[in-house]
Amino acid sequence: MFNVQDDASNVSSYTRIEPFVEIMDCTLRDGEQTSGVSFLPHEKLMIARALLRDVNVDRIEVASARVSQGEKEAVSMICRYARQAGLLDKVEVLGFVDGTRSIDWIKDCGGHVINLLAKGSEKHCTEQLHKTVEDHIADIIQTLDYAKQNGFTVNLYLEDWSNGMKQSPEYVYAMLDALTQTDIKRFMLPDTLGVLNPLQVIELMRKMRKRYPDAHFDFHAHNDYDLAVSNSLAAVLCGCRGLHVTVNGLGERCGNAPLSSVQVILKDQFHAKTNIREDELNSISRMVEGYSGIAIAPNQPVIGENVFTQVAGVHADGDDKGGLYMNQLVPERFGRKREYALGKNSGRASVAKNLKELGLELTPEQMKRVTKRITELGDRKEVVTKEDLPFIVSDVLKHDAPEDRVKLISYLVSTAYGLKPGANVRVEINGTQYEASATGDGQYDALVKALRYIYKKYLGRTFPILANYAVSIPPGGRTDALVQTVITWHNGDKLLRTRGLDADQTEAAIKATFKMLNIFEEQEQGAAKAEQEN
């Protein structure tokens, strides 16, 4: 049993936070071990560039040596970029105690940092390698000698270190006693099976720090008990100088410690310093989400879709009265903004904040009626977006309704085996009708291309870029009922989200698109009017 009071006299010496913590991201190696995830070489390059150049992590682990030809191509591309950018020292590859083969593989790719995987528990050493600790150390030293001859930097993983310390600590000490006398730069301590809790991490890390005070230790957490973040912070509490993370917490089984969560806790709760640029965390999370196909949970801290959305009306009211429902995790810190959800829990304050952002002003009586309608929609499980508000206001007030500037007159979409889908569309924009045809990768894609052609040829303009397209059955709906299409658009630096509801998926998407076009046209006309007045 573990007792965190052991060595109590050494608490001040061996329980301390390093003023600076190195962050090593292993999304491209351990993160790719997520079931169903396999990055293409160019995707790995894009993620690596973003991590090094934009997010500014200290190191990235990009692959395991000798896995495949595709992996070799990816590592070569990353090393080529990193060399040109002066960042090659930050690119690391997992290698094995296999004599010369891993080092030769990494060298062929253009790299010169190996994270050597050794056995950190006696059970792994004897049952997997069928070797004694002395034999294993001799093999490691042979590989180290070859690495040194080739100008490599070597970090050492002690695989299954957590179980090694719990079941065979003398084995771990024998390994470290011998290897701390070598040129190994960092000793990386993985909780390979995710079996530790924070109290155990504190005790084990104290023991390592007490016995090897000059060694650089990294901690590598796994999230099997949902303790990866807590365990990482416990390691830092005891003087661990580096942490391993992945974007969005990707990784084998339950994943690793998420980069975004580790960063904000280090900064806000522990006042430790890192080199991470927080305003890039959301961007890298979305990039990895897209390439991996693993969706970010809406309530994932820092990066989730909903984490900066207040739902309760009392919270919106409190934010107006001194930021009563805000903490240090303000959305602007991460390049995001606070939103106020519209639904059955919305109060006047939530509605007012959304209306203000849209530039709409209502009397108290009008506000009361609009709020009532939104509450009614929420009771029916309807999703109400900020962009729906002008239409709800128009419907409720029955006067001063804005005339649609963009109207769909007619459309025809077609698809046939062996041919690209096509669309013919006729629209009315500010009183003038236009018609165009186009083909695309799908019926909706063809329709959008026809609309873009109209805007470019006849109006000399473009309209917002499609950023995300999601189709779902509305909450409480059935597969034979309505389809909900939510489309997110980029209009310059602004984000616009519109929704369409219909029994037909294409029709629902068209409704969402024409909502967007009317909002866009109102904005364009308003901007033109303001320019004339000035």
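These numbers come from a predicted model, not from an experiment.
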Completion exercise
Only residue of Arg186, Lys185, Arg241 satisfying salt bridge (Lys or Arg N to Asp or Glu O under 4.0 Å) with Glu22 is Arg186

Problem - Lys107 atom NZ, over 12 foreign heavy atoms within 6.0 Å - result: no

Completion exercise
salt bridge (Lys or Arg N to Asp or Glu O under 4.0 Å) with Arg59: of Asp89, Asp25, Asp218, only one passes, and it is Asp218

Problem - side chain to side chain contact (heavy atoms under 4.5 Å, CB included) between Arg286 and Ile296, worked out - result: CA-CA 8 Å; Arg286 299 301 160 190; Ile296 300 169; 3.5 Å; yes

Problem - Check: Leu179 main-chain N/O paired with Thr182 side-chain donor or acceptor under 3.5 Å - result: yes

Fill in the blank from the handout: Sorted by chain and number, sequence neighbours left out, side chain to side chain donor-acceptor pair (under 3.5 Å) with Asn231 holds for none

Fill in the blank from the handout: Residues Asp54 and Arg277: closest non-hydrogen pair is O-NH1, 3.0 Å

Handout entry: Donor-acceptor contact present, side-chain Thr246 to main-chain Thr27, <3.5 Å
Key = no

Practice task
Taking only Lys NZ, Arg NE, NH1 and NH2, and the carboxylate oxygens of Asp or Glu, determine whether Asp268 and Arg333 approach each other closer than 4.0 Å.
Solution key: yes

Problem - From Leu40 atom CG to Tyr291 atom OH, the distance as rounded to the nearest 0.5 Å - result: 9.5 Å

Handout entry: Distance-minimising heavy-atom pair for Glu61 and Asn115
Key = OE2-ND2, 2.9 Å

Exercise for the section: Determine yes or no for a side-chain-to-main-chain donor-acceptor pair under 3.5 angstrom, with Asn248 supplying the side chain and Ser285 the backbone. Expected result: yes

Problem - Side-chain donor-acceptor pair present, Asn275, Asn56, cut-off under 3.5 Å - result: no

Handout entry: Working for side chain to side chain contact (heavy atoms under 4.5 Å, CB included), residues Val91 and Val113
Key = CA-CA 7 Å; Val91 176; Val113 182; over 6 Å; no

Completion exercise
In short, Val247 meets Ile284 closest at the heavy-atom pair CG1-O, 3.8 Å

Practice task
Indicate yes or no for a side-chain donor-acceptor contact from Asp30 to the backbone of Cys26 under 3.5 Å, with no hydrogens or angles considered.
Solution key: no

Exercise for the section: Indicate, with yes or no, if the rings of Tyr444 and Tyr469 have centres closer together than 6.0 Å. Expected result: yes

Exercise for the section: For Glu71 and Ser68, indicate whether the former's side chain and the latter's backbone hold a donor-acceptor pair under 3.5 Å. Expected result: no

Fill in the blank from the handout: Here the pair of heavy atoms bringing Leu144 nearest to Val154 is CD2-CG1, 3.5 Å

Problem - Lys90 side chain to Ile60 backbone, donor-acceptor under 3.5 Å - result: no

Handout entry: Shortest non-hydrogen contact between Gly440 and Lys449, atoms and distance
Key = CA-NZ, 4.1 Å

Exercise for the section: Evaluate the criterion side chain to side chain donor-acceptor pair (under 3.5 Å) for residue pair Asp160 and Ser121; output intermediate values, then yes/no. Expected result: CA-CA 6 Å; Asp160 201 37; Ser121 69; 2.8 Å; yes

Completion exercise
Checking Ile103, Leu94, Val93 against Ile114 for side chain to side chain contact (heavy atoms under 4.5 Å, CB included), the one that qualifies is Ile103

Problem - Pairs satisfying ring-ring contact (aromatic ring centres under 6.0 Å, His included), at least one member in residues 236-264, at least two apart - result: Tyr157-His244, His220-His244

Problem - Residue pairs, two or more places apart or on separate chains, that pass ring-ring contact (aromatic ring centres under 6.0 Å, His included) and touch residues 33-69 - result: none

Handout entry: For Leu196 against Gln200, the heavy-atom pair lying closest together
Key = CA-OE1, 3.3 Å

Exercise for the section: Report the relative orientation of the aromatic rings in Trp489 and Phe463; use parallel for angles under 30°, tilted for 30 to 60°, perpendicular for over 60°. Expected result: perpendicular

